[in-house]
Amino acid sequence: MVPVRVRFAPSPTGALHIGGIRTALYNYLFARQHGGTFILRIEDTDQNRYVPGAEAYILEALQWCGLTPDEGPGSGGPYGPYRQSERKSRYREYALRLVEAGKAYYAFDTEAELEEKREKLRQAGWASSQYDHRLRMDMRNSLSMDPEDVRQRLDAGEPHVIRLKVDPGEEILIRDAIRGEVTVRTEELDDKVLLKADGMPTYHLANIVDDRLMEITHVIRGEEWLPSTAHHVLLYRGLGWEDRMPEFAHLPLILRPDGKGKLSKRDGARFGMPVFPLAWKGDTDENSFTGFREEGFDPRAVVNFLAFLGWNPGTEQEIYSLEAMTPEFSLERIHKSGARFDYDKARWYNQQYLMATPDEELATLLLPEAASRGWKPDKEWLAKVCGLMKERVTFARDILRKGYYFFEPVKDYDQATLARKWQPDSASLFEGLMEVLLNTRPFVAAGLESKAKAWWEAAGAGPGAILPLYRIALAGTMKGPAVFEMLEVLGPDLSRERLVRALEIFRQREKS
RNA sequence: GGCCCGUUCGUCUAGGGGUUAGGACGCAAGAUUUUCAUUCUUGUAACACGGGUUCGAUUCCCGUACGGGCUACCA
């Protein structure tokens, strides 16, 4: 068995969006499952679109998700370099080999000439304006021009590209692990540029050469590559590599929440949700984006959510760690159709992971943010707060936001509820229970609760008459943990302070 | 326009020639609770359409519709 080697091959043109992360994830899972190697290759063959910082972003995003490459620019490896710009010198040789075999040719048409030709064809009402077998003899290339002329231009160093010569009349069969067999007729294919005028290869040439040189066994990539896969098959064939052509698997796209097209970077702003793993600072606000990390997501939740967007293990279990899903993964179980991005589900996943995280871990995580808010909670105590709050929030940081009253005085009292609940006998009930509670020791929830119950039963009152008032006194809001739990965590001193202060304020109501 | 790919509840999906078409998110109701949330229970809601093939199609085939992708010296 040939060892499995897969690659994730993004282009460093900006932030890597969440669809890219999913592609990386599926590659990673496939590699791990087969005891293979997961490779990161940077496809920076377009110098015009190169964006500084994008590669570092890609690396950091993968790391955050736990998808660290085995080989790649950051990690090294025996098949480097892993940036195509650093492999530039290798590609021309293969393009030339194709020219010699009559499978490719030189073309001297300039961009302007091509544009002009396309425009003419459009006006003439041609359905297609692609540079193909129908057109190439009208263009300036080594097929249409005099060989001597071609040689002279080449010798003179005239700018040129090398194009793949696709002959009509053939049917290309693509075997895809997800889609089965796909056939394409060669008369539909254009003569793709393989080597650009600047000497860089296009994606098509580079990916074939590098996949071969890096001994890639499976190409798992987005569906947008399916149409050009026939060209790639032709390339493998032309180079005499068809015997060891990798297996293909074309993944369904991630669609916009409204289903109108594939998810794009602008959809984050449009739908009020992150579409990138990490925030990206672009040259303008419009080109800057928030990330799942910055929104407070747990990477485990993001990975779980993403994995299930287009794949599932066939069980009714929804929660799978990276480790748990690895043995279950298979390309065959990937869906064929695109999946809409469901932000509600992503949030649900986050809460699931949040609730499953031990309180101490959450405390460690939140300590820095608490400090930045000017709070200096004891870690063990913070863990208790986390325990009370984690099932009431979606994101870990909301524990601090929604539970601010554990760390500082109540800002607002819920006036609407107060108006309903503050009755003529409220003040005496409030005070009476205070007496009992504040003298109870130890100051723990269970004991406080039983003392309180005994007291209001004796007083002939019900919990509904008094507890809501305590809740507002302690937290200001009707939402939150059980009153006795809050009392315990706040401790006797803080509890007394709050109750006394609130009672004072609540009494003011009667006068106004 | 041409080529390629697709289509099960609103969304993510399981299933597969004969099923009460299953789960999850969301939504709704109920239970629990001092509140909120969690949890549990229940409900809501789907095989795009038309032809075949078949004793029988949601499942297989063909069309249509709809959706998506590609159609650059971008990846």
Side-chain angles (χ1 to χ4, degrees), chain A residues 9-13 43-46 48-49 107 109-111 114-115 118 122 125-131 159-163 174 176 178-179 182-185 187-190 192-198 200-204 206-207 221-230 250 252-253 255 257 259-262 305 308-319 333 335-349 351 355 388-394 402 414 417 421 449 452 462-472 475 477-484:
Chain A
S11 178
T13 54
E43 309 239 336
D44 55 349
T45 54
D46 187 345
N48 302 319
R49 295 212 307 160
D109 319 273
T110 64
E111 303 242 27
L114 288 172
E115 192 39 54
R118 275 194 277 265
R122 248 196 304 276
W126 279 50
S128 150
S129 61
Q130 59 181 20
Y131 201 122
H160 63 273
V161 302
I162 293 179
R163 282 181 181 271
I174 299 160
D176 188 285
I178 296 169
R179 281 149 218 286
V182 177
T183 57
V184 183
R185 291 195 313 282
E187 45 269 37
E188 309 292 346
L189 304 178
D190 64 338
K192 282 251 182 291
V193 170
L194 301 178
L195 203 69
K196 301 187 264 191
D198 66 2
M200 277 288 194
T202 58
Y203 171 84
H204 307 290
N207 112 87
R221 80 228 299 189
E223 191 187 10
E224 68 267 29
W225 293 109
L226 192 51
S228 57
T229 303
H250 288 95
L253 268 9
L255 273 20
K260 295 189 195 321
K262 67 173 168 180
F305 164 68
F308 275 61
L309 225 45
W311 172 82
N312 80 87
T315 65
E316 292 194 341
Q317 185 182 330
E318 306 279 334
I319 304 298
R333 290 199 69 90
H335 238 240
K336 293 182 178 72
S337 49
R340 291 194 203 186
F341 189 88
D342 181 359
Y343 191 52
D344 278 338
K345 193 85 173 242
R347 291 161 52 88
W348 176 79
Y349 267 113
Q351 194 191 20
M355 289 191 297
L388 293 185
M389 291 300 293
K390 67 180 179 182
E391 64 194 28
R392 288 166 233 271
V393 296
T394 303
K402 287 193 172 172
D414 178 346
T417 308
K421 290 289 180 181
E449 183 166 5
I466 182 67
L467 253 14
L469 296 173
Y470 266 57
R471 167 173 300 290
I472 294 173
T477 169
M478 283 304 287
K479 296 178 178 178
V483 165
F484 301 106

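Chain naming here is simple, since letters A, B, ... match the order of the sequence lines and numbering starts at 1 in each. The model shown is predicted, which means the values in this text are computed figures rather than measured ones.
Figure legend. B:rC60 is base-paired to B:rG52; pairs are counted as Watson-Crick or G-U wobble with both atom distances under 3.5 Å. Of the nucleotides present, none pairs with B:rU38 by Watson-Crick or G-U wobble criteria with both distances under 3.5 Å. Base-pair partner of B:rC27: B:rG43 (Watson-Crick or G-U wobble, both distances under 3.5 Å). Partner assigned to B:rU7 is B:rA65, using Watson-Crick or G-U wobble distances below 3.5 angstrom. Base pairing of B:rC70: its partner is B:rG2, meeting the Watson-Crick or G-U wobble criterion (both donor-acceptor distances under 3.5 Å). Figure legend. B:rG16 is base-paired to no nucleotide; pairs are counted as Watson-Crick or G-U wobble with both atom distances under 3.5 Å.
A donor-acceptor pair is defined here as one N or O able to donate and one able to accept, closer than 3.5 Å; no such pair exists between the side chain of A:R340 and the backbone of A:L255. No donor-acceptor pair closer than 3.5 Å links the side chain of A:R221 to the backbone N or O of A:L226.
B:rG6 atom P lies 6 Å from atom NZ of A:K336, rounded to whole Å. The CH2-C1' distance, from A:W311 to B:rA14, rounds to 13 Å in whole Å. When the P atom of B:rU38 is taken as reference, atom CH2 of A:W348 falls 12 Å away, rounded to whole Å. As a whole-Å value, the separation of A:L309 CG from B:rU13 P is 6 Å. A:I319 has its CD1 atom 15 Å from the C1' atom of B:rU39, to the nearest Å. When the P atom of B:rU7 is taken as reference, atom CG of A:L255 falls 13 Å away, rounded to whole Å. The CE-C1' distance, from A:M478 to B:rU33, rounds to 12 Å in whole Å. Atom NZ in A:K402 sits roughly 13 Å away from atom C1' in B:rU38 (whole-Å rounding).
For the pair A:I178/A:E223, no side-chain contact is recorded, criterion being any heavy-atom separation below 4.5 Å from C-beta on. A:E318 places a side-chain heavy atom less than 4.5 Å from the side chain of A:W348. The shortest distance between side-chain heavy atoms of A:K192 and A:R163 does not fall below 4.5 Å. A:D46 is not listed as a side-chain neighbour of A:T13, based on a closest heavy-atom distance of 4.5 Å or more. You'll find the side chain of A:M478 reaches within 4.5 Å of the side chain of A:I472, heavy atoms only.
Considering only the side chain of A:M355, B:rU38 comes nearest among B:rC12, B:rU38, B:rU13. Considering only side-chain atoms of A:A339, the nucleotide from B:rG6, B:rU38, B:rC12 that sits closest is B:rC12. The nucleotide whose nearest atom lies closest to any side-chain atom of A:K479 is, among B:rC36, B:rU13, B:rC3, B:rC36. Residue A:K260 places its side chain closer to B:rG68 than to any other of B:rG68, B:rU13, B:rC25. When each of B:rC5, B:rU34, B:rU7 is scored by its nearest atom to the side-chain atoms of A:S337, the top-ranked nucleotide is B:rU7. Of the listed nucleotides (B:rU13, B:rC5, B:rU35), B:rU35 has the atom at the smallest distance from the side chain of A:A482. Of the candidate nucleotides B:rG68, B:rU35, B:rC25, B:rC25 has the atom nearest to the side chain of A:D342. In the set B:rG69, B:rU8, B:rG22, the nucleotide with an atom closest to the side chain of A:H335 is B:rU8.
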* Structure fact -> For nucleotides 70-75 of chain B, 5' to 3', base contacts (B), sugar-phosphate-only contacts (S) and non-contacts (-) with protein non-hydrogen atoms under 4.0 Å give SS-BBB
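Here, B:rA72 and B:rG15 have their C1' atoms 43 Å apart, quoted to the whole Å. Remark: the separation of the C1' atoms in B:rG2 and B:rU59 is 32 Å, to the nearest Å. Separating the P atom of B:rA75 from that of B:rG18 is a span of 49 Å, rounded to the nearest Å. Atom C1' of B:rU71 sits at a distance of 31 Å from the matching atom of B:rU11, rounded to the whole Å. With both ends at atom C1', the span from B:rA31 to B:rU54 equals 50 Å, rounded to whole Å. Taking the P atoms as reference points, B:rG26 lies 29 Å from B:rC49, given to the whole Å. Atom P of B:rU20 sits at a distance of 26 Å from the matching atom of B:rC25, rounded to the whole Å. When the C1' atom is used for both B:rC62 and B:rG22, the distance is 31 Å, rounded to whole Å.
Each of A:P468 and A:E318 lies near RNA chain B, and the nucleotide nearest A:E318 is the one positioned closer to the 5' end. Take the nearest nucleotide of RNA chain B for A:F484 and for A:D344: the residue whose nucleotide is more 5' is A:D344.
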* For A:F305 and A:Y343, what are the C-alpha separation, side-chain angles and deciding distance, and is it a ring pair (Phe, Tyr, Trp, His ring centres under 6.0 Å)? -> CA-CA 10 Å; A:F305 164 68; A:Y343 191 52; 8.2 Å; no
* **Derivation of the side chain to side chain contact (heavy atoms under 4.5 Å, CB included) call for A:R471 and A:L467** => CA-CA 6 Å; A:R471 167 173 300 290; A:L467 253 14; over 6 Å; no
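Taking A:Y131 as the reference, nothing meets the ring-ring contact (aromatic ring centres under 6.0 Å, His included) condition, with sequence neighbours excluded. In this structure A:Q130 satisfies the side chain to side chain contact (heavy atoms under 4.5 Å, CB included) test together with A:S128, A:D132, A:R134, A:D190, sequence neighbours excluded.
When heavy atoms are screened at a 4.0 angstrom cut-off, A:G464 is found touching no nucleic acid atom at all. Looking at heavy-atom distances under 4.0 Å, A:R333 makes contact with sugar-phosphate atoms alone, never a base. Across all strands shown, A:M389 has no heavy atoms under 4.0 Å from either base or sugar-phosphate atoms. Within 4.0 Å (heavy atoms only), A:G222 reaches no atom of the nucleic acid at all. Among the atoms of the strands shown, only primed sugar atoms or phosphate atoms (P, OP1, OP2) are found under 4.0 Å from some heavy atom of A:G310.
Contact annotation: A:N312 side-chain N/O to B:rU13 OP1/OP2 distance is not under 4.0 Å. Here A:R179 does not reach the OP1 or OP2 of B:rC5: none of its side-chain N or O atoms lies under 4.0 Å away.
Taking only distance into account, the side chain of A:R471 meets the base of B:rU34 through a donor-acceptor pair shorter than 3.5 Å.
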